[in-house]
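Read through the structure below, which is laid out as structure tokens, and then see the notes.
Computed from heavy atoms alone, side chains included, the values below leave out hydrogens, waters and symmetry copies.
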Amino acid sequence: MVLLVMILTIFGTIMIFSASYYYAISNFGDPYHYLTRQLIWLAAGFVAMWICSKIDYHFWVRFWLIAYLAGMALLVLVLIPGVGSSAYGATRWIQLGPITIMPGEIAKVGIILFITGYFSRHPKWASDIKKGIVPVLFVTVTYGGLIMLQPNMSTAFTVCFIVGGMLLVAGARWMHLGTLAGGAVAAGVLLILVDTSGYRYQRFLSFLDPFDDPLDTGYNVVQSLLALGTGGLTGLGLGNSVQKNLYLPMPQNDFILAIIGEELGFVGILGLVILYLLLVWRGCHIAINAKDLTGLLLAAGITIMVGVQVVINMAVVTSSMPPTGIILPFVSYGGNALLIFMAAMGILVNISKSADI
């Protein structure tokens, strides 16, 4: 687990520097702007991972209700005018001096701890719709609703996927899960179609045919596909991307996979996919062999969080789903997400220490 995280984060740091070089010069006059900040967060992330690997994972679950309430408070705060910071048509950040907090990222951890703590105390309630499904559904809807107001549909759906996966692991009935999944899909479609002039509907249309409007709604996806197509099998070589030269907006963030594909080709992306598969497999292995239900649910939630984000990010970059803003774990630029993911990996390491493996 530690080795996989080290390889992913080191690879991610190299690609962030490569992808952000010209963008950083253009906007900050310093080609090392994103690199230096990522290295600082990376150092903090390794410290967080080490600390979390030493602390008994049961300690975190004691705060399952506090974690939910804290996540709720942050999601409300970010929507208050003057508190939340807005950019690119969304209000998803709280600025505290040089540090930026993303309540949506914290909410993912909050929902994992809540479900773990709730069903650890009441293991049989997962199959009970009144005692198990309804309370968890209420928490999910409140989190998801507040996140949608930012607006941040991708994070809201990530939370829903995490909840669905954890309910399945906890022992919920397939019929209940199928009903919830159908309701979530219907709600998503309704949100997209209810306002045909809104950005969600336009993004959906751009997903169906990004080249229909290559200079506006389909711009990011078109540039991403051009990068992937240009990279071919083996890529143009590290540092030789064309799309990062101010064609693909903020290439170090959500669309960094496109730059990886352009510079390292299909071979580079395949290697990255293998690393993620190994990480998810290891997370599943730890969850299955956890010594108790608490360890099982916590490890499963963390693994689902990582796996879902990888799939969604890759799907967006390859135009396999409507474009949405979600980062590639351990590889994309972003201090909040990196710190949270690495701390979560530390918790997985701690669970594996006590597991029968």
Side-chain angles (χ1 to χ4, degrees), residues 11-38 86-90 92-93 152-154 199-200 202-273 309-310 312-335 337-338:
F11 174 75
T13 303
I14 293 171
M15 292 311 306
I16 286 169
F17 178 52
S18 177
S20 67
Y21 190 86
Y22 293 106
Y23 188 85
I25 291 176
S26 175
N27 288 272
F28 304 100
D30 176 14
Y32 306 103
H33 176 82
Y34 290 103
L35 175 63
T36 53
R37 282 157 177 74
Q38 186 71 6
S86 300
Y88 310 106
R92 304 174 183 175
W93 306 268
N152 192 349
M153 193 172 186
S154 57
Y199 83 96
R200 293 192 184 96
Q202 297 304 317
R203 282 190 174 185
F204 179 74
L205 292 181
S206 70
F207 154 68
L208 297 177
D209 184 7
F211 289 90
D212 184 56
D213 190 9
L215 298 179
D216 190 9
T217 56
Y219 182 79
N220 285 7
V221 175
V222 166
Q223 299 304 316
S224 174
L225 293 176
L226 289 174
L228 293 171
T230 303
L233 181 62
T234 58
L236 302 178
L238 184 62
N240 294 328
S241 166
V242 175
Q243 295 305 118
K244 71 182 181 184
N245 298 334
L246 307 183
Y247 291 104
L248 185 61
M250 300 190 72
Q252 71 279 359
N253 290 91
D254 305 343
F255 283 87
I256 195 170
L257 186 70
I259 305 302
I260 295 172
E262 187 178 11
E263 295 189 350
L264 304 181
F266 174 78
V267 173
I269 291 182
L270 180 61
L272 182 60
V273 169
Q309 290 210 193
V310 170
I312 292 178
N313 180 273
M314 291 187 173
V316 168
V317 171
T318 57
S319 191
S320 302
M321 66 174 289
T324 183
I326 197 165
I327 67 160
L328 193 60
F330 306 108
V331 176
S332 294
Y333 173 78
L338 182 63

(message) Just to verify, what does Glu262 make a salt bridge (charged side-chain N to carboxylate O under 4.0 Å, His left out) with, not counting sequence neighbours?
(response) none
For residues 223-232, tabulate all N or O donor-acceptor pairs below 3.5 Å that involve a side-chain atom, not counting sequence neighbours.
| unit_1 | atom_1 | unit_2 | atom_2 | d |
| --- | --- | --- | --- | --- |
| Gln223 | OE1 | Gln243 | NE2 | 2.4 |
| Ser224 | OG | Val317 | O | 2.8 |
| Thr230 | OG1 | Leu226 | O | 2.6 |

(request) Would you indicate whether Phe266, at its atom CZ, is surrounded by more than 12 heavy atoms from other residues, nucleotides or ligands within a distance under 6.0 Å? (result) no
(message) On a heavy-atom basis, which atom in Tyr219 and which in Tyr247 lie closest, and how many Å separate them?
(response) OH-O, 2.6 Å
(request) Could you pull out the closest heavy-atom pair between Tyr23 and Leu246, with the gap in Å? (result) CA-CD2, 4.0 Å
(request) Using atom types as modelled and distance alone, determine if a side-chain donor or acceptor of Glu263 lies under 3.5 Å from a backbone N or O of Gly235. (result) no
(message) To the nearest 0.5 Å, what is the distance between CG on Leu272 and CG on Leu270?
(response) 9.5 Å
(request) Might you point out which heavy atoms bring Ala19 and Pro251 nearest each other, and give the distance in Å? (result) O-CG, 3.1 Å
(message) Within this structure, what is the CD1-CZ distance for the pair Ile327 and Phe255, rounded to the nearest 0.5 Å?
(response) 14.0 Å
(request) Report yes if the side chains of Val310 and Pro329 come closer than 4.5 Å at any heavy-atom pair, otherwise no. (result) yes
(request) Please check if the side chain of Tyr21 supplies one atom and the backbone of Asn245 the other of a donor-acceptor pair under 3.5 Å. (result) no
(request) Not counting sequence neighbours, which residues clear side-chain contact (heavy atoms from CB on, under 4.5 Å) with Tyr32? List them please. (result) Phe17, Asp30, Leu35, Thr36
(message) Students often mix this up, so state it plainly: with edges at 30° and 60°, are the rings of Phe28 and His33 parallel, tilted or perpendicular?
(response) parallel
(request) Kindly compute the distance separating CG (Leu236) from CD1 (Ile259), expressed to the nearest 0.5 Å. (result) 10.0 Å
(request) May I ask you to decide if Ser18's main-chain N or O and Lys244's side chain share a donor-acceptor pair within less than 3.5 Å? (result) yes
(request) Mind checking the CG-CG spacing from Leu233 to Leu264? Nearest 0.5 Å is all I need. (result) 12.0 Å
(request) Keeping the roles fixed (side chain from Asn313, backbone from Gln309), state whether a donor-acceptor pair exists under 3.5 Å. (result) no
(request) Hey, could you give me the CZ/CD1 distance between Arg37 and Ile16, rounded to the nearest 0.5 Å? (result) 13.0 Å
(message) Rounded at 0.5 Å granularity, tell me how far CG in Leu328 sits from CE in Met314.
(response) 5.5 Å
(message) Less than 4.5 Å apart, side chain to side chain, heavy atoms only: is that true for Ile256 and Val331?
(response) yes
